[in-house]
Amino acid sequence: MSRTMWEIDVPIQHRDDTQRPRGVHVFTGLAEDGNAAIAAALRVCEIAQLHAMSDQPIPTGICRADWSARGLRPDWELRWEEAEKRPILL
């Protein structure tokens with residue numbers, strides 16, 4: 001099966017201060033399709049959050065095509081229901 005590089009843009013909002021400007025957390029990696037890309041981004045996000053709660057380093061990918069979740073902000077909520085997916089043209 002062919003895999004494509006994907007970008008998943010997930011809007012973020014501060015958990016307590018909803019008046020703060022919103023942002024976007026960007027995930028990238030290889031996947032077979034857009035739905036698999038969102039699932040992969042969600043999976044690495046959950047793994048990163050578990051590591052952060054345990055005071056362990058967040059795992060990083062070996063290469064740029066690996067999914068990873070760097071730079072997560074603990075006071076910000078990711079709004080997965082609003083996530084946008086798009087293939088990256090290399």
Query - Interatomic distance, Leu42 atom CG to Leu78 atom CG [nearest 0.5 angstrom] - result: 9.0 Å

**Report entry** Nearest atoms (heavy-atom pairs only) where Ala31 meets Trp6
**Finding:** O-NE1, 3.4 Å

Exercise answer: donor-acceptor pairs, residues 83-90 side-chain atoms, under 3.5 Å, sequence neighbours excluded:
{"residue": "Glu84", "atom": "OE1", "partner": "Arg86", "partner atom": "NH2", "Å": "3.1"}
{"residue": "Lys85", "atom": "NZ", "partner": "Asn35", "partner atom": "OD1", "Å": "2.9"}
{"residue": "Arg86", "atom": "NH1", "partner": "Glu7", "partner atom": "OE2", "Å": "3.3"}
{"residue": "Arg86", "atom": "NH1", "partner": "Asp9", "partner atom": "OD2", "Å": "2.3"}

**Report entry** Contacts of type side-chain contact (heavy atoms from CB on, under 4.5 Å), residue Ala39, not counting sequence neighbours
**Finding:** none

Query - Heavy-atom pair with the smallest gap, counting every atom of Thr28 and Trp67 - result: O-CE3, 3.3 Å

**Report entry** Test salt bridge (charged side-chain N to carboxylate O under 4.0 Å, His left out) applied to Glu77 and Arg79, step by step
**Finding:** CA-CA 6 Å; Glu77 294 178 342; Arg79 303 179 59 88; 5.1 Å; no

Output side-chain donor-acceptor pairs under 3.5 Å for residues 15-27, partner residues at least two apart or in another chain, one line each.
{"residue": "Arg15", "atom": "NH1", "partner": "Pro74", "partner atom": "O", "Å": "2.7"}
{"residue": "Asp17", "atom": "OD1", "partner": "Gln19", "partner atom": "N", "Å": "3.2"}
{"residue": "Arg20", "atom": "NH1", "partner": "His14", "partner atom": "NE2", "Å": "3.1"}
{"residue": "Arg22", "atom": "NH2", "partner": "Gln13", "partner atom": "OE1", "Å": "3.2"}
{"residue": "His25", "atom": "NE2", "partner": "Arg70", "partner atom": "O", "Å": "3.3"}

Query raised in the report: Among all residues two or more places apart in sequence or in another chain, which pass the side-chain hydrogen bond (donor to acceptor under 3.5 Å, both in side chains) test with Glu46?
Result: none

Query - Closest contact, heavy atoms only, Ala48 versus Ala69 - result: CB-CB, 3.7 Å

Query raised in the report: Does one hydrophobic cluster hold both Met5 and Ile8, with members joined at side-chain heavy-atom distances below 4.5 Å?
Result: no

Sequence neighbours left out, cut at 3.5 Å: what donor-acceptor pairs do the side chains of residues 51-59 make with other protein atoms?
{"residue": "His51", "atom": "ND1", "partner": "Ile47", "partner atom": "O", "Å": "2.9"}
{"residue": "Ser54", "atom": "OG", "partner": "Leu50", "partner atom": "O", "Å": "3.0"}

